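Read the structure below first, then the notes.
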2 protein chains.
Amino acid sequence: MEICITSLLREKGFKVTPQRLAIYKMLAATKSHPNAEMIFNELQSMYPTMSLATVYKTMEILKEIGLVQVLNAGEDSFRYDADTSNHPHVRCIECGQVDDVQNIDSAAFVDQVAQGTKYHLIGQQFYFYGICPRCQTKELN
Amino acid sequence: MEICITSLLREKGFKVTPQRLAIYKMLAATKSHPNAEMIFNELQSMYPTMSLATVYKTMEILKEIGLVQVLNAGEDSFRYDADTSNHPHVRCIECGQVDDVQNIDSAAFVDQVAQGTKYHLIGQQFYFYGICPRCQTKELN
DNA sequence: ATTGTTGCAAACTATTTGCAAGGCG
DNA sequence: CGCCTTGCAAATAGTTTGCAACAAT
C-alpha cells in the first residue's frame with residue numbers, strides 16, 4: 001500500500017514527501033470519509049506544520065493518480081475516500097456521518113441508464129440519505 | 001401550477017411575493033437545472049432590483065415546502081430542479097450541462113440498498129457523468 | 001398595523017493561488 | 001544543484017446574514 005503510493009507518485013512525476021504519505025496513510029486507514037479539515041485536524045498532532053493548503057493540493061494529486069475518489073454527499077465540503085471502487089454512500093441526516101454501502105450490484109441499474117441516455121457515460125455516484133443505526137436508538141428518548 | 005405555489009406558500013405561513021413567483025416560474029419552465037447565479041442573471045432583465053440573496057432565500061423556502069429539489073452534481077455550486085420526482089441526473093464533463101435521466105426504474109436497486117444497510121433510508125440521489133451528444137460530435141474535430 | 005420580505009453590503013466558509021523558504025531526487 | 005513542494009497569507013467563489021426600507025396580509 002505504501003509501496004503503491006510511493007511508486008505511483010514517482011511514476012507520474014510527483015515527489016514523494018512525508019506529508020503526502022501521511023495524508024494517504026491516514027485516509028486509507030479510516031472508513032469515515034473525512035473532508036479536508038478533518039484530515040488536517042487529525043494530522044496536526046503528528047505534523048505540527050501541516051497546512052490545509054497542502055491537504056487540498058495533495059488530494060488533487062491523489063485524485064489525479066487514481067488513489068482517492070472525491071465524494072459530494074450534498075454537504076458544503078468535499079469528502080475523500082481511499083477506496084476507489086465504485087460503491088454507493090449513505091449519509092445520516094442527524095449526525096452527518098457517511099458510510100459505505102457494501103455488496104451492491106448496480107450493473108443492471110447502470111445499464112438501464114446507459115441505454116436510456118445518449119451520453120457516453122464515464123462514471124456515476126450514488127448517495128443515499130437516512131438515519132443511521134446509532135441515531136435511530138438515540139431518537140427513542 | 002401558479003395556484004399551487006401561491007396556496008402552498010400561504011398554507012405554510014410564507015407571503016406570496018412577485019420575486020418568489022418569478023423564481024419558481026422560471027425554474028419550472030426550464031430543464032437546465034440552473035444554479036442560483038443563472039437564475040439571478042435570467043431574472044435581472046425583468047426584475048432589475050432582484051438580488052442573489054433573494055434567490056438563495058427563496059430556494060430555501062421552496063425546498064422546505066417541497067417545490068424544488070437541490071442538486072449537488074459534484075460542482076462548486078448547487079443546482080435547483082422544479083421537478084421533485086426522484087430521478088437521476090447526468091452531467092457532461094465537457095460543457096457542464098446537467099440533464100435528467102428519464103424513465104428509469106430504480107426500485108429494485110433502492111430495495112437492495114435498503115436491505116443492505118441498517119439505516120432508515122429517506123431519500124437518494126443518483127448522478128452520472130459522461131459526454132453529452134453535442135460534445136461527442138464536437139470531439140470529432 | 002403587524003409581521004415577513006427585499007436587497008444591499010458585509011460576513012462567512014470552503015477552496016485555490018502566489019510566493020519565499022525548504023526538501024526531494 | 002535544479003526543480004518541485006510546503007506552508008503561510010491573501011485571494012476567490014458560493015452562500016449566508018444583519019439590517020433598514022418596504023410590502024403582503
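Please read all numbers here as calculations on a predicted model, not as lab measurements. Just so it is clear: chains get the letters A, B, ... in the order the sequence lines come, proteins before strands, and each one is counted from 1. In what follows, every heavy atom counts, from backbone to side chain, and hydrogens, waters and symmetry copies are set aside.
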Return the value, rounded to whole Å, for the distance between atom [atom1] of [X] and atom [atom2] of [N].
X	N	atom1	atom2	result
B/Y47	C/dT6	OH	C1'	14 Å
A/M50	C/dG23	CE	P	15 Å
A/E75	C/dT13	CD	C1'	14 Å
A/K12	D/dT5	NZ	P	15 Å
A/L21	D/dT6	CG	C1'	14 Å
A/L9	D/dT6	CG	P	10 Å
A/M59	C/dA14	CE	P	16 Å

Notebook entry, point to check: Could you run down nucleotides 15-25 of chain D 5' to 3' and tag each one B, S or - for protein heavy-atom contact under 4.0 Å?
Noted result: BBBB----BBS
Next item on the list: Just jot down the ring pair (Phe, Tyr, Trp, His ring centres under 6.0 Å) partners of B/H87, sequence neighbours excluded, or say none.
Entry: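 Counting only residues at least two positions away or on another chain, B/H87 forms a ring pair (Phe, Tyr, Trp, His ring centres under 6.0 Å) with B/H89.
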Next item on the list: Report the residues that fulfil ring pair (Phe, Tyr, Trp, His ring centres under 6.0 Å) with B/F109, sequence neighbours left out, ordered by chain and then residue number.
Entry: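 With neighbours one apart ignored, the set is A/F109, A/F126, B/F126.
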Whether [X] contacts [N] is assessed here as follows: a side-chain N or O lying under 4.0 Å from the phosphate OP1 or OP2. Is that the case?
X	N	value
A/R20	C/dC24	no
B/T54	C/dG7	yes
A/Q19	D/dG7	yes

For [X], check side chain to side chain contact (heavy atoms under 4.5 Å, CB included) against everything at least two apart and list the hits.
X	value
B/E37	B/N35, B/N41
A/K12	A/L8, A/F14, A/I65
B/A36	B/L52, B/V55, B/Y56, B/Y80

Notebook entry, point to check: Would the number of heavy atoms belonging to other residues, nucleotides or ligands and lying under 6.0 Å from CD of A/E42 be above 12?
Noted result: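 Atom CD in A/E42 is not packed in, count stays at 12 or less.
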Notebook entry, point to check: Quantified as the angle between the terminal helix axes (five pairs each), what is the overall bend of the helix from C/dA1-D/dT25 to C/dG25-D/dC1 to 10 degrees?
Noted result: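 It works out to 40° between the end axes.
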Check: How would you list all residue pairs meeting salt bridge (Lys or Arg N to Asp or Glu O under 4.0 Å) that involve residues 69-78 of chain B, not counting sequence neighbours?
Finding: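 For residues 69-78 of chain B, and leaving out neighbouring residues, the salt bridge (Lys or Arg N to Asp or Glu O under 4.0 Å) pairs sorted by first residue read B/E75-B/R79.
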Run the side-chain donor-acceptor check on residues 114-124 of chain A: report pairs under 3.5 Å with partners two or more places apart or on a different chain.
from   : atom 1 : to     : atom 2 : distance (Å)
A/T117 : OG1    : A/Y119 : N      : 3.1
A/Y119 : OH     : B/D99  : OD2    : 2.7

Item checked: Ionic contact status for A/E60 with A/K57, cut-off 4.0 Å ->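 Salt bridge: no.
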